[in-house]
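Reckoned from all heavy atoms, side chains included, excluding hydrogens, waters and symmetry mates. Reminder, nothing fancy here: chain letters follow the sequence lines and each chain counts from 1.
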2 protein chains.
Amino acid sequence: MRKVTSIHADCVAAIAGWITGGVYPPGTTLPIEPALCSELGVSRTVVREAVKTLVAKGLLTTGPRVGTRVQPKSSWNLYDPDVIDWRFAAGVDEDLLRDVIDLRLTFEPAACEFAARRASAEDLARIELAYADMAAAVDGHGRYFAADIDFHTSILAAAHNQFFAALSPLITAILKVSIRLSVRNRDGAAASLPLHRAVADRIAARDPEGARLAMQRLILGAREDIDRGGPVDPAFIVIAGVGR
Amino acid sequence: MRKVTSIHADCVAAIAGWITGGVYPPGTTLPIEPALCSELGVSRTVVREAVKTLVAKGLLTTGPRVGTRVQPKSSWNLYDPDVIDWRFAAGVDEDLLRDVIDLRLTFEPAACEFAARRASAEDLARIELAYADMAAAVDGHGRYFAADIDFHTSILAAAHNQFFAALSPLITAILKVSIRLSVRNRDGAAASLPLHRAVADRIAARDPEGARLAMQRLILGAREDIDRGGPVDPAFIVIAGVGR
DNA sequence: TAGATCGTATCATACGATCATTAATATGAG
DNA sequence: CTCATATTAATGATCGTATGATACGATCTA
């Protein structure tokens with residue numbers, strides 16, 4: 001019925017999918033514009049604007065006579081929400097998983113420290129609400145994990161630092177992966193609930209160091225959760241429908 | 001002589017400058033396309049592609065009948081190297097400075113931990129080279145600070161984590177600000193040199209905790225450096241020519 | 001008068017053709 | 001064999017037009 005996606009957005013998503021999906025890996029050159037037009041069934045204007053979008057995100061570079069080249073991953077805007085979605089949608093390899101977990105262990109405990117110092121009454125209420133939603137849905141998986149994402153996002157917001165808040169899309173993406181994986185051990189939710197409780201308690205108690213440690217334990221728990229499942233199978237994650 | 005910038009890039013920079021410079025603050029609407037064309041002296045196509053670039057970075061949204069609106073800062077891709085440059089070029093307010101320093105205190109000590117565990121021989125050599133350049137140029141400010149930036153960037157690379165490496169542009173931008181500010185106290189270079197030495201030593205000694213603490217001291221030293229100058233004067237920073 | 005419906009003007013969106021610019025490659029002279 | 005020059009294939013940039021979506025105001029109804 002209604003058209004939620006514009007032609008431009010479709011075009012961007014298609015090319016991005018080719019890149020993250022390995023059809024055109026870093027270092028390769030995309031077909032020339034006329035070929036892309038016929039391939040995608042759109043005008044040259046749309047292709048050009050889509051390419052400009054991907055250049056802006058660091059996935060491509062262009063130049064006369066050199067064509068449209070796929071940049072190495074080191075040039076990509078790894079914190080860009082769209083880039084994050086495209087990468088996770090293409091499957092999560094071990095390197096990406098390790099890097100994201102390292103990152104979580106670095107800044108989520110730190111965010112808890114800041115939150116314990118700076119959280120407003122509204123911030124604490126939002127965290128508490130997210131926790132309540134989790135507790136109320138320990139058996140209904142969908143709602144539980146939506147609340148889980150909200151819990152972590154609320155803490156990032158409570159740190160009152162724009163750069164921490166901007167990490168929410170990355171956390172959301174990795175949590176969605178963890179969610180699909182932890183479908184295996186059904187009691188994962190009930191087990192992690194008290195860990196979340198401890199985090200919320202330490203923040204509300206204005207205990208930065210305690211909050212930091214509580215979050216550290218929570219994330220390490222999640223890591224064991226994933227490790228228990230053995231090596232991550234990218235195919236499984238793709239099937240699980242990470243992303244949209 | 002040389003035309004290093006394309007019309008597209010100029011156009012993007014101009015509009016971005018209007019946004020970060022407060023000409024069109026978040027919430028406002030840009031003039032309609034024809035007006036932008038005559039204002040910038042370029043065709044509609046260029047304006048459209050430039051707008052697409054800024055939409056990709058989260059600074060703008062577009063829609064029929066609504067025009068081209070400037071998004072709130074919370075929607076911007078704060079880790080995008082271009083966005084970072086534009087913001088710092090427009091002047092650094094106290095909030096931005098505080099947030100970046102918080103971020104440095106979170107990430108850089110952690111990066112040192114990882115570097116102490118994972119650095120290859122080449123990584124260590126690069127860090128050592130950067131330090132040698134610093135030591136060799138304690139009086140020549142330009143070269144000293146270029147080496148300083150290289151020192152911190154090398155450590156981020158040595159952490160062997162794509163997300164840490166991607167923070168280099170942000171660290172570079174804030175270091176450039178620190179550099180301009182510490183012109184005041186001429187002996188700042190000589191004072192910070194041993195702090196850098198300690199960081200390099202602890203990483204080379206494979207001492208994660210020691211490296212973490214050494215970096216923490218280094219950054220806190222830099223903070224005192226800025227604090228000594230009293231409240232940060234945005235005008236001064238703009239004059240100092242942060243960015244290109 | 002209040003409210004919902006419907007037109008309409010106003011934008012962005014998309015298309016196609018055309019010319020300019022750039023840089024990798026080939027060609028030629030020395 | 002080396003270096004300067006011409007070729008050429010790709011993006012860069014412009015113009016004109018047609019289409020589509022939507023916020024706003026006018027109109028109609030209760």
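In this structure, OG1 in B/T68 is found 11.0 Å from OH in B/Y24, a value given to the nearest 0.5 Å. A distance of 11.5 Å separates CG of B/D123 from CG of B/L156, quoted to the nearest 0.5 Å.
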Under 3.5 Å, sequence neighbours excluded: what are the donor-acceptor pairs made by side chains of residues 31-39 of chain A?
unit_1 : atom_1 : unit_2 : atom_2 : d
A/E33  : OE1    : A/R44  : NE     : 2.4
A/E33  : OE1    : A/R44  : NH2    : 2.8
A/E33  : OE2    : A/R48  : NH1    : 3.2
A/S38  : OG     : A/P34  : O      : 3.4
A/S38  : OG     : A/A35  : O      : 2.9

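The one candidate from B/I155, B/L103, B/V199, B/I171 that meets the side chain to side chain contact (heavy atoms under 4.5 Å, CB included) condition with B/E108 is B/I171. The only member of A/V70, A/V83, A/V12 that meets side chain to side chain contact (heavy atoms under 4.5 Å, CB included) when paired with A/L59 is A/V83.
If you take CG of B/L40 and P of D/dT14, they are 11 Å apart, rounded to a whole angstrom. We find that CZ of B/R69 is positioned 10 Å from C1' of D/dA23, with the value rounded to whole Å. One atom, NE2 of B/H8, and another, C1' of D/dT14, lie 16 Å apart when rounded to the nearest Å. Going from atom CD of A/E33 over to atom P of C/dC15 covers 14 Å, rounded to whole Å. Distance NZ (B/K52) to C1' (C/dA14): 10 Å, rounded to an integer number of Å. Per the geometry, CG belonging to B/L54 stands 16 Å off C1' belonging to C/dA12, to the nearest Å.
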Write down the protein N/O and nucleotide N/O pairs, taken from nucleotides 7-9 of chain D, whose separation is under 3.5 Å; answer none if there are no such pairs.
unit_1 : atom_1 : unit_2 : atom_2 : d
D/dA9  : O4'    : A/R65  : NH1    : 2.4

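Considering only side-chain N and O atoms, A/S6 lies nowhere under 4.0 angstrom from the phosphate OP1 or OP2 of C/dT13. A/T68 has no side-chain polar atom (N or O) that falls below the 4.0 Å cut-off from OP1 or OP2 of D/dA10.
The side chain to side chain donor-acceptor pair (under 3.5 Å) test applied to B/D150 returns no partner, not counting sequence neighbours.
Proximity of residues 41-48 of chain B to DNA chain C (heavy atom under 4.0 angstrom from any strand atom) is restricted to B/R44, B/R48.
The existence of a salt bridge linking A/D82 and A/K57 is confirmed by a sub-4.0 Å separation between a basic side-chain nitrogen and an acidic carboxylate oxygen.
Applying the ring pair (Phe, Tyr, Trp, His ring centres under 6.0 Å) test to residues at least two apart or on different chains, the pairs with a partner in residues 26-80 of chain B are A/Y79-B/Y79, A/F163-B/Y79. Counting only residues at least two apart or in different chains, salt bridge (charged side-chain N to carboxylate O under 4.0 Å, His left out) contacts with residues 6-25 of chain B are absent.
Mapping A/E49 and A/V66 onto DNA chain C by nearest heavy atom places A/E49 closer to the 5' end of the strand.
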